[in-house]
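Only one structure is covered here, and it is reproduced in the block below.
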Number of protein chains: 2
Amino acid sequence: MDELEIFRDFIRRKGLRYTPERERIIREIFATHDHFDVETLYLGMRRKGHRVSKASIYRLLPLLIEAGLVQEVFFEDGHMHYEHIYGHDHHCHLRCTQCRRIEEFTDPALEDVERRLAERFGYRVQGHKLEVLGLCPACRERQRRRSGTGTPAP
Amino acid sequence: MDELEIFRDFIRRKGLRYTPERERIIREIFATHDHFDVETLYLGMRRKGHRVSKASIYRLLPLLIEAGLVQEVFFEDGHMHYEHIYGHDHHCHLRCTQCRRIEEFTDPALEDVERRLAERFGYRVQGHKLEVLGLCPACRERQRRRSGTGTPAP
DNA sequence: GTATCTGCAAACCCTTTGCAATAAG
DNA sequence: CTTATTGCAAAGGGTTTGCAGATAC
């Protein structure tokens with residue numbers, strides 16, 4: 001079952017409509033595994049000649065999130081960034097606080113954390129969002145040189 | 001060394017000014033351990049008779065973050081929420097996706113995750129931000145009743 | 001004395017919303 | 001046929017910014 005079928009089921013169960021605009025947006029979102037924001041998605045679609053309005057994208061996103069197909073990943077530069085989470089293993093983000101480069105990773109320890117939380121607080125855990133912040137090798141080196149002490153950065 | 005001293009050092013090292021407005025804002029932020037947003041902080045200060053403008057708060061926040069005293073915790077309801085991270089042990093958030101209730105927790109496994117990442121990607125890790133999402137006990141129960149199947153929710 | 005900071009209000013920009021026409025079911 | 005969806009453009013709301021006066025150092 002692919003993302004379109006999942007969405008079709010989801011939207012019908014809610015008594016809403018499956019439209020060509022929605023299908024096109026979903027296709028575009030799932031065409032890559034990259035993070036995206038509304039502006040980029042919108043411009044990408046226009047460039048390919050797909051007619052959609054930003055309003056339709058903004059109206060669709062909450063549905064995709066509710067359907068479990070898309071997730072907000074972080075808010076940056078004054079707007080939200082998303083990623084699709086179906087057909088692409090869940091992963092977390094390691095961000096360089098200086099150059100903003102992003103690495104993706106997964107760590108099985110997080111499932112244990114979830115399990116412990118579910119037990120301790122009685123929650124039914126639905127997912128998690130982990131962002132680790134730090135300095136990438138290049139920025140560490142750059143910083144080391146600037147400080148000029150000759151002492152390697154920790 | 002308290003947060004004001006840390007900030008004073010930080011701001012002087014940058015050649016900027018330590019002003020009574022900035023001090024008042026920092027005092028207010030550190031007066032509780034709760035999350036805050038700009039509006040709440042601003043109204044709280046006005047209520048206490050402290051004259052500050054929102055602009056000064058908005059201009060101070062990036063400095064506090066750079067100084068390592070404050071962190072963005074999540075973007076919700078159209079605006080950012082913050083918390084101070086000095087003099088209060090680091091913790092992560094467990095959020096009910098339905099009623100938005102928030103529990104704080106810490107898990108030592110995260111330090112291991114950080115260590116593994118530092119080694120694998122060559123980063124100098126500065127911190128992390130983990131948000132676990134799920135249904136709190138009350139909302140699980142509420143959902144179970146509504147579905148009315150008699151089957152306890154997983 | 002000089003450069004930064006403050007408060008105010010306007011500008012900005014992402015997101016949401018009202019509306020009339022269109023289309024799904 | 002009814003109700004949801006679309007695109008547009010305007011409104012909304014948090015955040016940023018230009019400016020003139022005040023202030024840290």
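Letters A, B, ... mirror the listed sequences (proteins, then strands); counts begin at 1.
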Practice task
Take atom OH of A/Tyr42 and atom C1' of C/dT16, then tell me their distance rounded to the nearest Å.
Solution key: 16 Å
Practice task
Send over the distance from A/Arg13 CZ to C/dG25 C1', rounded to a whole Å.
Solution key: 17 Å
Handout entry: Of all pairs that satisfy ring pair (Phe, Tyr, Trp, His ring centres under 6.0 Å), the ones with a partner from residues 4-23 of chain B, not counting sequence neighbours
Key = none
Practice task
Report yes or no: do A/Glu114 and A/His128 form a side-chain donor-acceptor pair below 3.5 Å?
Solution key: yes
Practice task
Please determine, by modelled atom types, if A/His91 and A/Glu83 share a side-chain donor-acceptor pair under 3.5 angstrom.
Solution key: yes
Practice task
Examine A/Val73 and A/Phe105 and state if one hydrophobic cluster contains both, with Ile, Leu, Val, Met, Phe, Trp and Tyr joined whenever side-chain heavy atoms are less than 4.5 Å apart.
Solution key: no
What are the atom names and distances for every N/O pair under 3.5 Å that joins the protein to nucleotides 2-6 of chain C?
unit_1	atom_1	unit_2	atom_2	d
C/dA3	N3	B/Arg17	NH1	3.2
C/dT4	O4'	B/Arg17	NH1	3.3
C/dT4	O4'	B/Arg17	NH2	3.4
C/dC5	OP1	B/Arg17	N	3.3
C/dC5	OP1	B/Arg22	NH1	2.7
C/dC5	OP1	B/Arg22	NH2	3.4
C/dT6	OP1	B/Thr19	OG1	2.8

Exercise for the section: With a 4.0 Å heavy-atom cut-off, tell me which residues in residues 27-34 of chain A come close to DNA chain D, sorted by residue number. Expected result: none
Practice task
Answer whether the closest heavy-atom distance between the side chains of B/Ile25 and B/Leu61 falls below 4.5 Å.
Solution key: no
Problem - ILVMFWY network linking A/Leu133 to A/Leu135, side-chain heavy atoms under 4.5 angstrom - result: no
Exercise for the section: Decide side chain to side chain contact (heavy atoms under 4.5 Å, CB included) for B/Ile65 and B/Glu72; before the verdict, give the C-alpha distance in whole Å, the side-chain angles of both, and the deciding distance to 0.1 Å. Expected result: CA-CA 8 Å; B/Ile65 290 169; B/Glu72 298 184 333; 3.9 Å; yes
Exercise for the section: Among residues two or more places apart or on two chains, list those pairs meeting ring pair (Phe, Tyr, Trp, His ring centres under 6.0 Å) that have a residue in residues 34-66 of chain B. Expected result: B/His35-B/Phe74, B/His35-B/His93, B/Phe36-B/Tyr82
Practice task
Map B/His79 and A/Arg24 onto DNA chain D by nearest heavy atom, then report which one ends up closer to the 5' terminus.
Solution key: A/Arg24
Exercise for the section: Treating Ile, Leu, Val, Met, Phe, Trp and Tyr as nodes and any side-chain heavy-atom pair under 4.5 angstrom as an edge, say whether B/Phe75 and B/Leu94 lie in one connected cluster. Expected result: no
Problem - Common cluster, B/Ile85/A/Leu130, ILVMFWY with side-chain heavy-atom separation under 4.5 Å - result: no
Practice task
Please determine if a side-chain N or O atom of A/Tyr58 lies less than 4.0 Å away from the OP1 or OP2 oxygen of C/dT16.
Solution key: no
Problem - Pairwise 5' ranking along DNA chain D for B/Val38 and A/Arg46, keeping only the more 5' one - result: A/Arg46
Handout entry: Cluster check B/Leu110, B/Phe121: I/L/V/M/F/W/Y, side chain < 4.5 angstrom
Key = yes
Problem - Terminal axes of the helix from C/dG1-D/dC25 to C/dG25-D/dC1 (five pairs each): angle between them, nearest 10 degrees - result: 50°
Problem - Donor-acceptor side-chain pairing of A/Arg124 and B/Gln143 below 3.5 angstrom - result: yes
Completion exercise
Footprint ends on DNA chain D, 5' to 3', for atoms under 4.0 angstrom from a heavy atom of chain B, come out as D/dG14 to D/dC25
Exercise for the section: Would you mind reading off the distance between A/Phe7 atom CZ and C/dA24 atom C1', rounded to a whole angstrom? Expected result: 13 Å
Handout entry: Short N-O contact, B/Arg8 and B/Glu5, less than 4.0 angstrom
Key = no
